[in-house]
2 protein chains.
Amino acid sequence: MVNKTELDGFLNFLQKIQSFSPEAVDSIVGLCSLISIRKNQNLQEIGQKCRTIYFVKEGLARIFYLKDGNEVTEYFAFENDLIIRAESLFTGKPSKKAIQALENTVFIGIPSDALFELFDTKPEIERLFRKIIEQAYVATVLRMEAIQFHAAEERYALLLSEKPNLIQQIPLKHIASYLGITQVSLSRIRASIR
Amino acid sequence: MVNKTELDGFLNFLQKIQSFSPEAVDSIVGLCSLISIRKNQNLQEIGQKCRTIYFVKEGLARIFYLKDGNEVTEYFAFENDLIIRAESLFTGKPSKKAIQALENTVFIGIPSDALFELFDTKPEIERLFRKIIEQAYVATVLRMEAIQFHAAEERYALLLSEKPNLIQQIPLKHIASYLGITQVSLSRIRASIR
DNA sequence: CTTATCCTTTTACAAATGTTAAATAATCAA
DNA sequence: TTGATTATTTAACATTTGTAAAAGGATAAG
């Protein structure tokens with residue numbers, strides 16, 4: 001059983017999206033567990049079905065997958081970010097993606113089956129979750145636009161302005177694949193703007 | 001008031017996602033209206049807030065926006081596809097995107113405010129809508145992967161295999177911008193695989 | 001401290017895509 | 001049908017990005 005004060009950041013994150021009752025809080029708290037993962041270790045491996053919704057309590061993580069043998073980073077999760085592998089969670093198929101801690105990281109995990117069961121008795125929790133998905137959807141649409149219609153250099157500049165301390169924390173090779181370019185290309189971009 | 005038989009295709013589409021009660025059907029039917037738009041006319045202009053969820057009953061449409069004065073196609077909607085401008089609908093901001101009929105097209109429109117009100121009394125409709133958003137989210141994640149990690153030629157081949165009659169129906173310049181490349185580049189790709 | 005490993009940059013060259021302009025081809029309206 | 005407009009292809013050249021290999025830095029383990 002997780003101490004509720006451990007979940008303050010998470011509950012605060014949720015309440016900002018959609019306020020919900022003390023009973024709903026208790027229901028959610030009852031499903032939460034804490035998972036500590038050391039730097040560079042995987043929380044979830046490629047090929048596992050995703051049956052858990054994760055939240056980064058402390059630390060830093062990424063989602064990545066393999067393309068022609070190379071790791072491709074799809075998403076960075078900072079403190080107080082959710083990690084949801086939607087293509088597995090909502091389809092039931094095994095995920096092609098892994099979740100890796102980029103620093104020693106503490107995750108909060110919620111089993112999706114138990115959460116979805118709560119929806120039947122607590123519409124406010126279903127609503128909360130709907131809004132979370134809406135936000136994630138909008139973020140993905142915007143990211144798609146960025147990838148498709150901004151040059152790599154613009155994308156790097158944009159990323160730097162959004163997350164200025166990214167390059168201190170994350171190896172550039174991960175940032176390159178996140179931007180959809182090679183490490184060499186990112187190096188050139190960095191040299192050109194110096 | 002729209003005749004319910006006019007909505008058969010739409011209701012069938014919804015029931016496949018999540019079955020729901022006759023009362024829910026009536027609630028939804030009560031919100032629907034039909035809108036006919038002639039070929040090359042816009043259903044929604046750039047800059048309007050998106051307060052409506054659309055469905056293509058007959059015809060063909062696209063979502064596009066302007067990037068450096070050029071039209072960029074973000075999405076094609078065929079018969080029995082939804083059209084949702086998520087970045088406006090879920091944020092309340094004016095949309096940077098327009099909806100245009102590529103043929104004479106009949107849309108079904110549902111005002112989002114009224115739909116969201118239904119959620120308070122009919123959880124099954126909120127659940128239906130949640131699942132719709134989940135599906136759209138997954139589709140967008142998969143499309144993002146395709147854009148980021150397949151070469152333009154692969155993307156064109158993939159699009160052709162998914163929608164073989166696309167090139168008969170849609171000007172290649174729209175397809176080019178949908179693929180994230182120039183018209184010239186698409187022409188070269190087409191020439192190279194002939 | 002030293003070695004081994006991993007990360008990042010640089011170089012040289014190849015391939016893909018963009019830009020501009022011109023030439024065809026197709027479509028639409030008078 | 002004709003002329004005007006729009007769509008598509010082609011050409012020539014510029015730019016961007018990829019690939020492969022080497023070199024220099026940084027980091028971690030012994």
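Residue numbers start from 1 in every chain, and the chains themselves are labelled A, B, ... in the order their sequence lines are given, proteins ahead of strands.
- Side-chain heavy atoms closer than 4.5 Å link hydrophobic residues (I, L, V, M, F, W, Y) into clusters, and following such links, even through other members, never connects L159(B) to I147(B).
- Salt bridge annotation for R62(A)-E71(A): present, with a cationic side-chain nitrogen under 4.0 angstrom from a carboxylate oxygen.
- A salt bridge does not link E79(A) to K57(A): none of the charged side-chain nitrogens sits closer than 4.0 Å to a carboxylate oxygen.
- What separates NE2 of H150(A) from P of dT17(D) is a distance of 14 Å, to the nearest Å.
- For the 3.5 Å distance criterion, the side chains of R190(A) and Y156(A) qualify, holding a donor opposite an acceptor.
- Tested against I84(B) for a side-chain contact (heavy atoms from CB on, under 4.5 Å), the candidates I63(B), L89(B), T52(B) yield a single pass: L89(B).
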Does the protein touch nucleotides 16-30 of chain C at the base, only the backbone, or not at all? Give it as B, S and - per nucleotide, heavy atoms under 4.0 Å.
-BBBB----------
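- The nearest whole Å value for the distance from the CD1 atom in I175(B) to the C1' atom in dT9(D) is 15 Å.
- In summary, K122(B) and E126(B) do not engage in a salt bridge, as defined by a charged side-chain N under 4.0 Å from a carboxylate O.
- Applying the ring-ring contact (aromatic ring centres under 6.0 Å, His included) criterion to F55(B), with sequence neighbours excluded, gives F10(B), F13(B).
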Strand DNA chain C as a dot-bracket string - pairs counted if Watson-Crick or G-U with both distances under 3.5 Å, | where the partner lies in another strand
||||||||||||||||||||||||||||||
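- One interatomic measurement links the two molecules: CD1 of I167(B) to P of dT8(D), which rounds to 11 Å at whole-angstrom precision.
- A salt bridge links E145(B) with K97(A): at least one charged nitrogen is closer than 4.0 Å to a carboxylate oxygen.
- Residues satisfying the ring-ring contact (aromatic ring centres under 6.0 Å, His included) criterion with F129(B), sequence neighbours excluded, are F116(B), F119(B).
- For residues 69-78 of chain B, proximity to DNA chain D is found at no residue, defined as any non-hydrogen atom under 4.0 angstrom from a strand atom.
- Note on I189(B) and L158(B): separate hydrophobic clusters, where clusters join Ile, Leu, Val, Met, Phe, Trp and Tyr whose side-chain heavy atoms are under 4.5 Å apart, directly or indirectly.
- Neither L14(B) nor Y54(B) shares a network with the other; the hydrophobic side chains, linked directly or stepwise wherever heavy atoms of I, L, V, M, F, W or Y lie under 4.5 Å apart, form separate groups for each.
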Can you give me the N/O atom pairs linking the protein to nucleotides 4-8 of chain C at distances under 3.5 Å, or say none if there are none?
| unit_1 | atom_1 | unit_2 | atom_2 | d |
| --- | --- | --- | --- | --- |
| dC7(C) | OP1 | K173(A) | NZ | 3.0 |
| dC7(C) | OP2 | K173(A) | NZ | 2.6 |
| dT8(C) | OP1 | L172(A) | N | 3.1 |
| dT8(C) | OP2 | L172(A) | N | 3.0 |
| dT8(C) | OP2 | K173(A) | N | 3.2 |

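- Rounded to an integer number of Å, the gap from CD of E154(A) to P of dT16(D) is 12 Å.
- Inspection of the Q18(A) and K131(A) side chains reveals an N or O donor paired with an N or O acceptor under 3.5 Å.
- The cationic atom of R143(A) (NZ for Lys, CZ for Arg) lies less than 6.0 Å from the six-membered ring centre of Y178(A) and within 45° of the ring axis.
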